[in-house]
Amino acid sequence: MPNNSRAVALAVLEKVSKQNSYSNLALDAALRQAHLDQRDANLATTIVYGVIQHKLTLEYILKPFVAGKKLASWVMPLLETAVFQLRYLDKVPARAVFYETTELAKARGNAGVAKLVTAVMHHVQRAGEPDFGQIADPLERLSIASSTPRWLVAKLTDQLGPERTASILHSINQPAAASLRVNTTKTTPAALQAALADRVPELAPSEISAVGLVAPGGHLAGLPEFAAGDFTLQDESSQLVAPSLALQPGDHVLDACAAPGGKTTHIAQYLDAAQGGQVTALDLHPHKVKLIAQNAARLGLADRVSARAMDARAVASAFAPASFDAVLVDAPCSGLGLMRRKPEIRYEKQPGDLTHLHDIQLAILAGVAPVVKIGGRLTYSTCTMVREENQDVVAAFLAAHPGFKQVAVATAKPLAAHSAPALQLFPDDYGTDGFFIASFVREA
């Protein structure tokens, strides 16, 4: 098969579909092997994420033209790449899409398959924009238009209403911004923005994070300042977690579900090792613990970070009662707030996952509660948007632990707190990941 951007994209999409590979890992591996120039690599990346993001819409568009046809497993992904380019990429000439797709069909199949693929593309082009209004069921209509599974559309509609759900699902199909968190132990947001101005001229302060800078896109991890530890990559909404702990320089902090260490190192920026400040970072998997240590070392924060492998549900048996000034439970969750950045999440999750995760989240909170000092703070956070993993977990935890009181989430910048006292951010609020944060103080 030809080694070009469209061929690479097709190979990655096949791997994601057949082997349930993570799209970002499969794409990175394919790009390393293909040695494409930057322009072709960018196109391959756009096609891969775009096809996954709009998969249900693309299937709906193609269905009338492939119904009843027996297709090899690779033909449908190939057609999806073509329709995605024709419908969503204005700067890619249609003739290039037709030619390259037909050539790929010849390389993978034969002249007959290539003829079929070309005919389908012509049919799609002549049909023009799909009329989603023909879909009578409003939930199904929004499901197809936004490429979101119907069960999730129904759940969000039930919890948030149809208008807010439509706004959220529209926003998740917009490009994700590139965001970074400034390492304030080495520099300041203003100084870093000035230092990067010539290479990232569109970099601007975050609207919601006091230590965040945001650009429309770009490979920020390739900058030398990243390697030097002046910043790390972290979504803006995630940067609100550490401030919610109201930390002091000498605090002992527990990050119960820490890998790969983004929030751990943010916590560490508030601490002073000379005053005894320390964050103990836990993760269930030993290989992930290494990532925490590596990130702390790159940022120059290793003297205040201690990482170890442990199940957070067993914390009370490993640490003395009331031994931490602050505890963070950034819990395992469905990740439904990340659908813009990780589009395959929407297709992987099932309704039953929410109940299972709710039980795990509640068990972790119960496991860490005894190690919080009287007067200490406990923060619970997730990167999801559904009540089962957020408000319902908070209510169940408070009912079982009357010694804890929920308090308003502290933020470094003034921010409208949705569903106060908790903070619930949706992707359409500020163009960030969907995120939930709840804070508690132990009173007894």
Side-chain angles (χ1 to χ4, degrees), residues 52-53 56 138-139 142-143 145-177 179 207-209 234-241 244 257 262-263 328-362 364-365 379-397 406 409 411 415-439:
I52 295 172
Q53 193 171 53
L56 299 184
L139 294 179
L142 183 53
S143 170
S146 66
S147 194
T148 306
R150 191 184 187 282
W151 76 265
L152 183 52
V153 176
K155 179 167 290 295
L156 292 174
T157 299
D158 178 62
Q159 295 184 0
L160 303 171
E163 291 185 4
R164 189 63 195 275
T165 299
S167 175
I168 290 169
L169 296 183
H170 173 74
S171 75
I172 64 171
N173 287 329
Q174 306 306 308
S179 58
E207 187 177 355
I208 65 173
S209 169
Q234 188 176 14
D235 187 74
E236 296 168 83
S237 56
S238 180
Q239 295 176 33
L240 303 181
V241 174
S244 74
C257 309
K263 298 175 188 69
L328 169 62
V329 173
D330 184 52
C333 71
S334 64
L336 293 173
L338 308 178
M339 288 190 287
R340 178 193 286 113
R341 203 175 299 278
K342 298 180 178 179
E344 64 264 40
I345 283 177
R346 67 185 84 180
Y347 313 117
E348 295 171 351
K349 302 303 177 184
Q350 300 297 325
D353 295 334
L354 307 184
T355 301
H356 175 64
L357 288 163
H358 169 99
D359 294 342
I360 293 173
Q361 292 151 354
L362 198 56
I364 293 173
L365 281 171
T379 283
Y380 171 73
S381 64
T382 71
C383 52
T384 190
M385 305 181 287
V386 292
R387 289 179 189 163
E388 289 88 339
E389 300 180 84
N390 294 336
Q391 293 88 347
D392 291 356
V393 171
V394 169
F397 173 74
Q406 188 173 8
V409 173
T411 57
L415 194 66
H418 302 270
S419 305
L423 177 65
Q424 173 74 76
L425 292 182
F426 294 102
D428 61 334
D429 285 323
Y430 300 100
T432 68
D433 292 342
F435 220 87
F436 177 83
I437 305 173
S439 292

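Here the structure is a predicted model, which is why all the values come from computation and not from measurement.
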Quiz item: If you measure from the Lys or Arg side-chain nitrogens to the Asp or Glu carboxylate oxygens, is any gap between K263 and D330 under 4.0 Å?
Solution: yes
Practice problem: Heavy atoms only: give me the nearest V386-Q159 pair and the separation to one decimal. | Solution: CA-OE1, 3.5 Å
Self-check item: Where S334 and L357 come nearest, the two heavy atoms and their spacing
Solution: N-CD1, 3.4 Å
Quiz item: Are side-chain heavy atoms of P332 and C257 found at a separation under 4.5 Å?
Solution: yes
Self-check item: Non-hydrogen side-chain atoms of Y380 and L365 separated by less than 4.5 Å
Solution: yes
If only side-chain N and O atoms count, and only distance matters, is there a donor-acceptor pair under 3.5 Å linking [Y] with [X]?
X	Y	value
E388	Q361	no
S146	T148	yes
S147	Y347	yes
S167	D428	yes

Is there a donor-acceptor pair under 3.5 Å between the side chain of [X] and the backbone N or O of [Y]?
X	Y	result
E389	M385	no
R346	Q53	yes
N390	R387	no
Q424	F435	yes

Quiz prompt | Partner of M339 by side-chain contact (heavy atoms from CB on, under 4.5 Å), out of N173, D433, L152 | solution = L152
Practice problem: Report, as yes or no, whether the 6.0 Å neighbourhood of atom NZ on K342 holds more than 12 heavy atoms from other residues, nucleotides or ligands. | Solution: no
Self-check item: Stepwise side-chain hydrogen bond (donor to acceptor under 3.5 Å, both in side chains) test for T379 and S439
Solution: CA-CA 4 Å; T379 283; S439 292; 3.2 Å; yes
